Amino acid sequence: MTGKPRVLVTGAGGFIGHHLARHLAGLGHWVRGVDLRVPEFEPSPAHEFEVLDLRRWEHCLAATEAVDEVYSLAANMGGIGFIESHKAEIMHDNVLINAHMLEAARQSGVRRFLFSSSACVYPQHLQRVAAVTPLKEEDAYPADPEDGYGWEKLFSERLCRHYAEDYGLETRVVRFHNIYGPLGTYEGGREKSPAAICRKVALAVDGGEIEVWGDGNQARSYCYVDDCVEGIVRLMRSRYRDPLNVGTDRLVTVNELVDLVARIAGKTIRRRHDLSKPQGVRGRNSDNARLRSVLGWEPRIAWEDGLERTYRWIQGQLRAQGRIAVRARDASVA
């Protein structure tokens with residue numbers, strides 16, 4: 001034992017949770033990972049990994065046994081198509097997970113509890129233009145979050161606050177802004193836009209066409225997963241108790257995303273816009289003033305660098321499946 005806190009990462013079979021478990025283990029923590037499934041792309045770095053259903057109370061008690069800190073990332077979620085068509089399922093599952101995990105943490109004597117929230121908590125009327133004003137933490141109220149997923153996240157943020165007030169459980173709340181990177185889902189309906197675009201471009205022929213949801217002028221800021229994990233750990237170690245944005249403050253349109261992935265791939269790609277598909281809010285960007293003030297830090301990995309790493313990883317996955325061939329110009333990066 002190193003004397004460092006023993007930690008639990010829920011959602012450790014998923015994208016951010018897997019990266020977080022690896023980072024914490026690398027820092028010398030003993031890590032228990034919990035999820036409904038083991039990680040898809042590589043073995044878990046956790047010292048102990050349990051397949052548990054955190055919608056069930058007894059599984060939450062088992063998960064929190066003999067740990068000092070909980071990083072609560074488990075959630076039923078996905079890309080915009082999924083969260084707009086599974087609202088009841090998302091709210092039902094995630095409220096059960098979060099309420100059970102907070103109470104189990106309290107009963108198990110956990111000292112600190114970090115809840116992974118989302119920029120989806122911010123009012124929709126503040127996100128109606130692509131050139132959106134960056135969203136400050138206090139903008140979440142008066143409340144008008146994204147229907148379904150956003151309401152669940154905002155409710156769970158509030159539940160963390162009351163567990164801190166009523167029971168003295170040290171809670172931390174991080175609001176993620178569009179996290180992307182390798183080892184994440186890239187097809188099947190739950191993938192986010194960077195992964196979906198990387199997959200489509202990788203599968204397209206040079207000079208070909210890909211489908212883009214909406215007109216492509218909707219804008220987001222994107223945060224690379226390594227920066228996300230660094231921000232999570234820094235927030236957990238801090239004394240800051242209110243919700244905090246973790247994201248970048250650089251706006252990128254979906255059309256710009258497609259063009260950058262095409263350049264990385266060395267392809268000419270045409271866009272076919274499908275205006276019938278869901279596209280979410282028109283613009284969303286992170287105000288990082290409080291992040292810089294509280295943590296003395298903000299994400300550092302450039303969008304171009306992070307996206308190239310993501311594209312190369314997804315390209316490698318598709319190539320290993322025999323779905324794309326190695327071209328001469330790719331040989332040096334294969």
Side-chain angles (χ1 to χ4, degrees), residues 15 40-41 78-85 129-132 177-227 247-285 299 301-334:
F15 170 47
E40 182 176 358
F41 302 109
I80 187 64
F82 180 80
I83 65 175
E84 288 203 359
S85 59
V129 296
V132 63
H177 283 254
N178 296 294
I179 313 304
Y180 73 101
L183 302 176
T185 298
Y186 55 88
E187 60 186 342
R190 290 181 183 256
E191 70 275 15
K192 299 297 183 69
S193 56
I197 296 300
C198 286
R199 183 197 75 244
K200 291 177 180 181
V201 170
L203 292 174
V205 298
D206 191 8
E209 180 181 81
I210 68 167
E211 179 184 83
V212 175
W213 289 12
D215 63 6
N217 290 318
Q218 62 270 36
R220 299 290 186 272
S221 59
Y222 297 97
C223 180
Y224 190 68
V225 66
D226 289 359
D227 277 332
T248 68
D249 54 7
R250 176 181 173 183
L251 269 181
V252 179
T253 69
V254 172
N255 284 333
E256 289 170 337
L257 167 60
V258 173
D259 292 345
L260 178 54
V261 175
R263 287 199 298 273
I264 292 168
K267 296 179 180 180
T268 299
I269 296 293
R270 291 175 286 109
R271 309 183 222 106
R272 182 180 73 257
H273 295 102
D274 187 342
L275 302 183
S276 70
K277 295 293 178 63
Q279 53 187 294
V281 296
R282 192 62 173 166
R284 176 178 291 155
N285 197 8
I301 297 172
W303 168 235
E304 291 82 1
D305 294 340
L307 195 60
E308 177 153 13
R309 297 179 202 177
T310 305
Y311 177 79
R312 296 302 176 198
W313 180 79
I314 292 173
Q315 179 191 49
Q317 292 294 304
L318 296 170
R319 182 174 292 148
Q321 297 165 20
R323 296 165 66 182
I324 56 175
V326 177
R327 300 178 304 163
R329 73 175 71 179
D330 292 335
S332 62
V333 297

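Since we're looking at a predicted model, the values are computed, not measured.
The closest side-chain donor-acceptor pair between Tyr222 and Ser193 falls under 3.5 angstrom.
Cation-pi geometry between Arg190 and Phe82 is satisfied (NZ or CZ under 6.0 Å from the ring centre, within 45° of the ring normal).
Taking both residues in full, the closest heavy atoms of Pro194 and Leu307 are given as CB-CD1, 4.3 Å, listed atom of the first, atom of the second, then distance. Shortest non-hydrogen contact noted between Thr248 and Pro299 is CG2-CB, 3.9 Å. Contact between Ile80 and Pro278 at its shortest, heavy atoms only, is CG2-O, 3.9 Å. Across all non-hydrogen atoms, the minimal contact from Gly181 to Val225 is CA-CG1, 4.2 Å. Counting all heavy atoms, side chain and backbone alike, Glu191 lies closest to Gly188 at OE1-N, 3.4 Å. Of all non-hydrogen atoms in Leu318 and Ala202, the two that sit nearest each other are CD1-CB, 3.7 Å.
Taken from OG1 in Thr185 to CD1 in Ile314, the straight-line distance is 10.0 Å, to the nearest 0.5 Å. We find the CD-CG distance between Glu256 and Leu251 to be 9.0 Å, quoted to the nearest 0.5 Å. Between Arg199 atom CZ and Ile324 atom CD1 the span is 12.0 Å, to the nearest 0.5 Å. From Gln317, atom CD reaches atom CD of Glu187 across 9.5 Å, with rounding to the nearest 0.5 Å. Note that the CD1 atom of Ile197 and the CD1 atom of Ile269 stand 10.5 Å from one another [nearest 0.5 Å].
The aromatic rings of Trp313 and Tyr186 stand perpendicular to each other, their planes meeting at an angle above 60°, with 30° marking the opposite boundary.
In terms of modelled atom types and a separation under 3.5 Å, the side chain of Gln218 and the main chain of Gly216 share a donor-acceptor contact. Not one N or O on the side chain of Asp215 forms a donor-acceptor pair closer than 3.5 Å with the backbone of Asn255. The backbone N or O of Val261 sits nowhere less than 3.5 Å from a side-chain atom of Lys267 that would complete a donor-acceptor pair. Although no hydrogens or angles enter the test, the distance criterion places a donor-acceptor pair under 3.5 Å between the side chain of Arg312 and the main chain of Ile264.
When the side-chain hydrogen bond (donor to acceptor under 3.5 Å, both in side chains) test is applied to Arg270, the partners found at least two apart in sequence or on another chain are Glu209. In terms of the side-chain hydrogen bond (donor to acceptor under 3.5 Å, both in side chains) criterion, residue partners of Ser221 (sequence neighbours excluded) are, by chain and number, Asn285. Residues passing the salt bridge (Lys or Arg N to Asp or Glu O under 4.0 Å) test with Asp259, sequence neighbours excluded: Arg271. Annotation: side-chain hydrogen bond (donor to acceptor under 3.5 Å, both in side chains) contacts of Glu304 (sequence neighbours excluded): Arg250. For Trp213, the ring-ring contact (aromatic ring centres under 6.0 Å, His included) test picks out no residue, with sequence neighbours left out. With sequence neighbours excluded, the residues forming a salt bridge (Lys or Arg N to Asp or Glu O under 4.0 Å) with Glu211 are Arg272, Lys277, listed by chain and number.
Glu308 is not listed as a side-chain neighbour of Leu260, based on a closest heavy-atom distance of 4.5 Å or more. Using a 4.5 Å heavy-atom cutoff, the side chains of Arg220 and Leu257 are not in contact. Two residues are said to be in side-chain contact when any heavy atoms from C-beta on lie closer than 4.5 Å; Phe15 and Phe41 fail this criterion.
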- List the steps, then state whether side chain to side chain contact (heavy atoms under 4.5 Å, CB included) holds for Asn178 with Lys192. CA-CA 8 Å; Asn178 296 294; Lys192 299 297 183 69; 5.6 Å; no
- After noting the C-alpha distance and the side-chain angles of Ile301 and Arg309, does the key distance pass the side chain to side chain contact (heavy atoms under 4.5 Å, CB included) rule? CA-CA 11 Å; Ile301 297 172; Arg309 297 179 202 177; 3.9 Å; yes
- Query: Under the side chain to side chain contact (heavy atoms under 4.5 Å, CB included) criterion, do Thr310 and Tyr224 qualify, and how do the steps go?
  - Reply: CA-CA 9 Å; Thr310 305; Tyr224 190 68; 3.9 Å; yes
